[in-house]
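The structure appears below as structure tokens.
The first residue in the sequence is number 1, and the count goes up from there. Read the numbers this way: they start at 1 and go in the same order the structure lists the ligands and their atoms. No hydrogens, no waters, no symmetry mates; every other heavy atom, side chains included, goes into these values.
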Amino acid sequence: MDRLAIVVPCYKEEEVVEICSQALREVLEDLISKEKIGPDSFILFVNDGSKDRTWPLIVSEHEKYPDRVKGVNLAGNVGHQYALTAGLLTARDMCDMAVSIDADLQDDVTVIEEMVDSFHAGNDIVYGVRNDRSSDSFFKRVTAQGFYKFMKVMGVKTVYNHADFRLMSKRALDYFGRFKESNLFLRGIMPTIGYNTSCVYYSRKERVAGESKYPLKKMLALALNGITSFSVKPINLIIGVGIGMIGLSIVAAIYSLVEYFGGNTVPGWTSLMLSIWFLGGFQLIAIGLVGLYVGKIYMEVKERPRYNIEEILD
Ligand code: UDP
Ligand code: MG
């Protein structure tokens, strides 16, 4: 029987851990009784360096349900993407498939069964896709949807409305383990893995408790990281604008020459000042963008470890 691991990154989730553990254990017992997954399937909580009661609660869940609940404690907060990677790559050697899900139960745990069915039907990656966001606040909905659209415009292939709720087979995880980059954007990496994939649909619920650990600042950082890690379109855009500017300046030069020979010239102070400011700003943007990529190269070259596991409960 195929062993399932459910990987749950947790950052300051003390209000949620027990509820989440309960809900996921029910899912596991149900699937085990239906013989869809092995009796040794388990939940793997990853504590992303929270200093609240998150880890002690994970330890106590492990003591109460040693067969069902395992934990990984990261030494410091590394962020959702890295915590999830730590969990997936730890689970990889202990399972045949792994589902990643947020601790707050916003993603519908009942579709895990559909994911497992889809795995048995021969899919290596099954994406959980939100088809209803009515429970999200207006602000979250607009910013999140803007995020997916913007990524597309910027040339990053992602699955629309899929966050990090997905099932991966062991061999997909093995391949994922070969991505050594420090700037991780999982939603961009997954579609490049290949194999057979499918989607399951669900409506996104509200957090069971606690509040979002993904404020706008972190969302913007995620989007920026996604774009600069996967696409050189921003640079192309800048080059395009540059070419357009050259075209415009030729037209402007012809126009001023015609005016000059026609004897209509006026002291060109205003236009001169305007263009100095405009070009100055434009060059700063261009240099900044190039710098962004240079910064990424710098980080990659250092090959820093991406996380530091302090303890593993097994
Ligand atoms: N999370 C994490 N590290 C962080 C921030 C968040 O592991 O630095 C986890 C968090 O505990 C949750 C998941 O990532 O399980 C998604 O976070 P959240 O639900 O706050 O994001 P939202 O659903 O609001 O986008
Ligand atoms: Mg959430």
Worksheet item: Hey, any chance Y160 and M219 share a hydrophobic cluster, counting ILVMFWY side chains that come within less than 4.5 Å of each other, even indirectly?
Response: yes

Discussion item. Distance under 4.0 Å to a non-hydrogen atom of A103: what atoms of ligand 1 satisfy this?
Written reply: 15 (O)

Item to complete: May I ask you to check if ligand 1 and N77 share an N or O to N or O distance below 3.5 Å?
Response: yes

Worksheet entry | Residue and atom name of the nearest protein heavy atom (relative to atom 6 (C) of ligand 1), distance in Å to one decimal | K213 CB, 3.6 Å

Practice prompt. Examine the proximity of ligand 1 to H80 and report which part, side chain or backbone, both or neither, has a heavy atom under 4.0 Å away.
Written response: both

Discussion item. Testing the 3.5 Å rule here: is there a donor-acceptor pair between the side chains of D164 and S100?
Written reply: no

Response to the item:
atom 25 (O) of ligand 1 sits nearest the protein heavy atom K140 NZ, 2.9 Å

Discussion item. Looking at ligand 1, would M219 count as a contact under a 4.0 Å heavy-atom criterion?
Written reply: no

Fill in: Atom indices of ligand 1 within 4.0 angstrom of P9 heavy atoms, with elements
7 (O), 9 (C), 10 (C), 11 (O), 12 (C), 15 (O)

Worksheet item: Can a cation-pi geometry be assigned to R130 and Y201, taking NZ or CZ under 6.0 Å from the six-membered ring centre and within 45° of the ring axis?
Response: no

Practice prompt. Give the cluster check for L186 versus I227: same hydrophobic cluster or not, with ILVMFWY residues linked at side-chain heavy-atom distances below 4.5 Å.
Written response: yes

Worksheet entry | atom 18 (P) of ligand 1 - nearest protein heavy atom and its distance | R207 NH2, 3.4 Å

Discussion item. Which of the numbered atoms in ligand 1 are under 4.0 angstrom from any heavy atom belonging to D104?
Written reply: 18 (P), 19 (O), 23 (O)

Worksheet, complete the sentence: Counting heavy atoms under 4.0 Å, the part of L84 that contacts ligand 1 is neither

Worksheet item: Is the NZ atom of K152 crowded by more than 12 outside heavy atoms at less than 6.0 Å?
Response: no

Worksheet item: Would D107 and Y202 count as having a side-chain donor-acceptor pair, cut-off 3.5 Å?
Response: yes

Discussion item. Is there a continuous path of hydrophobic side-chain contacts, each under 4.5 Å between heavy atoms, that joins L31 to M1?
Written reply: no

Worksheet item: Can you tell me if K70 uses its side chain to pair, donor with acceptor, with the backbone of D67 under 3.5 Å?
Response: no

Worksheet item: At a non-hydrogen distance cut-off of under 4.0 Å, which region of C10 contacts ligand 1 (side chain, backbone, both, or neither)?
Response: backbone

Discussion item. I'd like to know if the side chain of H162 and the backbone of G128 have a donor-acceptor N/O pair within less than 3.5 Å.
Written reply: yes

Worksheet entry | Residue and atom name of the nearest protein heavy atom (relative to atom 17 (O) of ligand 1), distance in Å to one decimal | Y214 CD1, 3.7 Å

Discussion item. Please check this pair: side chain of S118 against backbone of E114, looking for a donor-acceptor N/O pair closer than 3.5 Å.
Written reply: no

Discussion item. Is the contact between Q106 and ligand 1 made by the side chain, the backbone, both, or neither, using heavy atoms and a 4.0 Å cut-off?
Written reply: side chain

Worksheet entry | Any donor-acceptor N or O pair under 3.5 Å, side chains E26, Q22 | yes

Worksheet entry | Nearest protein heavy atom with distance in Å, relative to atom 11 (O) of ligand 1 | E13 OE2, 2.6 Å

Worksheet item: N47 and N73: side-chain donor and acceptor closer than 3.5 Å?
Response: yes

Item to complete: Please report which non-hydrogen protein atom sits nearest to atom 24 (O) of ligand 1, along with the residue it belongs to and the distance in Å to one decimal place.
Response: S212 OG, 2.5 Å

Worksheet entry | Residue-atom pairs from the protein, N, O or S only, that lie under 2.8 Å from the Mg ion (ligand 2) | D104 OD2, Q106 OE1

Worksheet item: Is ligand 1 less than 4.0 angstrom away from at least one heavy atom of Q81?
Response: no

Discussion item. Tell me the nearest of F45, Y11, F165 to atom 1 (N) of ligand 1, using heavy-atom distances.
Written reply: Y11

Worksheet item: Heavy atom under 4.0 Å from ligand 1: found in D102's side chain, backbone, both, or neither?
Response: both

Worksheet entry | atom 3 (N) of ligand 1: the protein heavy-atom neighbour that sits closest, reported with distance to 0.1 Å | D48 OD2, 2.6 Å

Discussion item. Ignoring hydrogens, what is the shortest heavy-atom contact between T54 and C10? Give both atom names and the distance.
Written reply: CG2-CB, 3.8 Å

Practice prompt. Would you tell me whether K296 and N225 have side-chain atoms, one donor and one acceptor, within less than 3.5 Å of each other?
Written response: yes

Item to complete: Flag the pair D96 and R3 as a salt bridge only when some basic side-chain nitrogen lies within less than 4.0 angstrom of an acidic carboxylate oxygen.
Response: no

Worksheet entry | Which of the ligand 1 atoms, numbered from 1, are nearer than 4.0 Å to a heavy atom of K218 | 4 (C), 5 (C), 8 (O)

Worksheet item: In terms of side-chain heavy atoms, does N77 have a donor or acceptor partner in D48 at a distance below 3.5 Å?
Response: yes

